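Shown next, in structure tokens, is the structure this report addresses.
Ligands are counted one by one from 1 in listed order, and the atoms in each one are counted from 1 as well. Keep in mind the model is a prediction, meaning the values are calculated, not measured.
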Amino acid sequence: MTRTLITGGFGFIGRYLTLMLAEAGHDITLFDIVSDDAFLQQAGNQVSAVQGSLANWAEVTGTIADTKPDHIIHSGAILPPASESMPQAAFEANITGTYNVLEASRLFNVDRVIYASSIASYGPDAPRELVPNDFAQHPTGMYGVSKVCSERLGEYYHRRFKLDFRAVRFPPIFGLGRAASSGWTAYTSLAIEEAALGRPYAMRVAPETPTGVLYIRDAARSLADIATADNASLTRRCYSLRGFVVTAQELRDAIMRQMPDAHITFEPDEQITAFIKSIPQELDDSLARADWGWQPRYGLDDAVADFVATTRGT
Ligand SMILES: NC(=O)c1ccc[n+]([C@@H]2O[C@H](COP(=O)([O-])OP(=O)(O)OC[C@H]3O[C@@H](n4cnc5c(N)ncnc54)[C@H](O)[C@@H]3O)[C@@H](O)[C@H]2O)c1
């Protein structure tokens, strides 16, 4: 039985990943600054939790020493907009936190550390349409800086100490559980969730605005898949992933196909539309496909159908 420690285990991705790995028979410990007994009960008795902070060396190292995980999936972090309003806290959780996870993994002989990186690791000099896997990363915000720094630290531990570090770079992810407070890219999730709950929703972007997204179940599965990929076939430690591009109008059309009575409107905000347009649309995932067989399973209609069913508990 694989023992897996998931940092940020009570987060959006952490919860889907926990349920997926619990079903596959893993023995799982969630390490998070928050806790949720109702989720633990839902996840079953192979799942336990330790409450602590990534920024606290004693709490990270104590948890790794006690639980002796085979794999750590490191998804705990402070995300925008909180990372930008509290940059020092983000530095401590996201950069010191990654250092703590890597160093404790080295000391306690953890087999493998899997890291959740982001499209936000690229900066304004990245191509708008398709970003090559190894394109230079020049982010301008603390969150992006923390993601690049974590990737490079992981590569350093791999080079210097032979720690088996692997990372995926996600585009914006959508699915049930994406918080409304998690930034302007959350509209793709909120439009579907509100419609599934029978409530109206106004998208704050122009209908023709395209955005690249990945469905949450594909995102969670990618972490499980890269964790079991054959090391000999990996040519990189960090791999970009791609889902699909959807305009706000196409998203509305897909929602209407599932729920013809849905009330989705557009109330474009110039600043929000400009921000969404400034994010690269897609990351080139051809290396991930070639090296470890990555392939998303959900297209737009499948994802909307699954999202609606999950929201309604059907
Ligand atoms: N959601 C996305 O669209 C997206 C896109 C790209 C990358 N990512 C990355 O995926 C990972 C998971 O993101 P998510 O969407 O699940 O975010 P989330 O905010 O839902 O989950 C993050 C979790 O980390 C925990 N956390 C924060 N600070 C902590 C600390 N100091 N110590 C311990 N735990 C702490 C939070 O309590 C939370 O449960 C993050 O590393 C994020 O950067 C997410």
Ligand-side contact atoms (ligand 1) for residue partner [X], heavy atom cut-off under 4.0 Å:
X      : value
Pro171 : 5 (C)
Arg178 : 3 (O)
Pro172 : 3 (O)
Gly76  : 24 (O)
Ile78  : 28 (N)
Phe170 : 5 (C), 6 (C), 7 (C)
Val34  : 37 (O)
Ala93  : 31 (N)

Next on the checklist: I'd like to know if Asp291 pairs up with Arg236 as an ion pair, taking the criterion as any Lys NZ or Arg NE/NH1/NH2 lying under 4.0 Å from an Asp or Glu carboxylate oxygen.
Outcome noted: no

Note the single closest protein heavy atom to [atom], along with its residue, its atom name and the distance in Å.
atom                    : value
atom 19 (O) of ligand 1 : Leu79 CD1, 3.8 Å
atom 8 (N) of ligand 1  : Tyr143 OH, 3.6 Å
atom 1 (N) of ligand 1  : Phe12 CD2, 3.9 Å
atom 12 (C) of ligand 1 : Ser75 O, 3.1 Å
atom 30 (C) of ligand 1 : Leu54 N, 3.7 Å
atom 27 (C) of ligand 1 : Ala77 O, 3.3 Å
atom 25 (C) of ligand 1 : Asp32 OD1, 3.3 Å
atom 3 (O) of ligand 1  : Ile173 N, 2.9 Å

Next on the checklist: Assess the residue pair Arg178 and Ser189 against the criterion (side-chain hydrogen bond (donor to acceptor under 3.5 Å, both in side chains)); give the C-alpha distance rounded to whole Å, side-chain angles, the decisive distance to 0.1 Å, and a yes or no.
Outcome noted: CA-CA 6 Å; Arg178 172 88 195 249; Ser189 298; 5.2 Å; no

Next on the checklist: As a quick check of understanding, evaluate side-chain hydrogen bond (donor to acceptor under 3.5 Å, both in side chains) for Trp294 and Asp225, giving each step before the final call.
Outcome noted: CA-CA 8 Å; Trp294 152 253; Asp225 285 356; over 6 Å; no

Checklist entry - Got a second to check how far Phe170's CZ is from Leu223's CG, nearest 0.5 Å? => result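 It comes to 4.0 Å.
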
Checklist entry - Is the OH atom of Tyr99 crowded by more than 12 outside heavy atoms at less than 6.0 Å? => result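 Not more than 12 within 6.0 Å, no.
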
Next on the checklist: Is it the case that atom CZ in Arg297 sees more than 12 heavy atoms from other parts of the structure closer than 6.0 Å?
Outcome noted: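 Counting neighbours around CZ of Arg297, 12 or fewer heavy atoms of other residues, nucleotides or ligands fall under 6.0 Å, so no.
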
Checklist entry - Relative to Phe39, does Arg15 satisfy both conditions: NZ or CZ under 6.0 angstrom from the six-membered ring centre, and within 45 degrees of the ring's axis? => result yes

Next on the checklist: Check for me whether Arg237 meets the cation-pi criterion with Phe165, that is, NZ or CZ under 6.0 Å from the six-membered ring centre and within 45 degrees of the ring axis.
Outcome noted: no

Checklist entry - Checking salt bridge (Lys or Arg N to Asp or Glu O under 4.0 Å) for the pair Lys68/Asp66: CA distance, chi angles, key distance, verdict? => result CA-CA 6 Å; Lys68 299 182 181 55; Asp66 289 348; over 6 Å; no

Checklist entry - Under 4.5 Å between side-chain heavy atoms, hopping through other hydrophobics if needed: is there a path connecting Val245 to Val304? => result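 Different hydrophobic clusters.
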
Checklist entry - Is there a side chain to side chain contact (heavy atoms under 4.5 Å, CB included) between Ile73 and Leu21 once you walk through the steps? => result CA-CA 11 Å; Ile73 302 188; Leu21 294 182; 4.1 Å; yes

Checklist entry - Given Asn56, Ile33, Ile216, which has its nearest heavy atom closest to atom 34 (N) of ligand 1? => result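 Shortest heavy-atom distance from atom 34 (N) of ligand 1: Ile33.
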
Per-residue contact class, [X] against ligand 1 - non-hydrogen pairs under 4.0 Å:
X      : value
Lys147 : side chain
Ser53  : both
Ser117 : backbone
Ala179 : neither

Item to check | ligand 1 contact by Gly52, heavy-atom criterion under 4.0 angstrom | outcome: yes

Checklist entry - Would a 4.5 Å heavy-atom cut-off, applied to side chains only, mark Phe135 and Pro127 as touching? => result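 When only atoms from C-beta onward are counted, Pro127 and Phe135 do touch, with a gap below 4.5 Å.
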
Checklist entry - Should Ile13 be counted as touching ligand 1, given the test is an N or O pair under 3.5 Å? => result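 N/O-N/O distance under 3.5 Å: yes.
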
Checklist entry - Do any N or O atoms from the side chain of Arg3 and from the backbone of Asp27 form a donor-acceptor pair under 3.5 angstrom? => result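 Not a single qualifying donor-acceptor pair exists.
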
Checklist outcome for this item: The single option from His74, Glu151, Lys147 that satisfies side chain to side chain donor-acceptor pair (under 3.5 Å) with Thr98 is His74

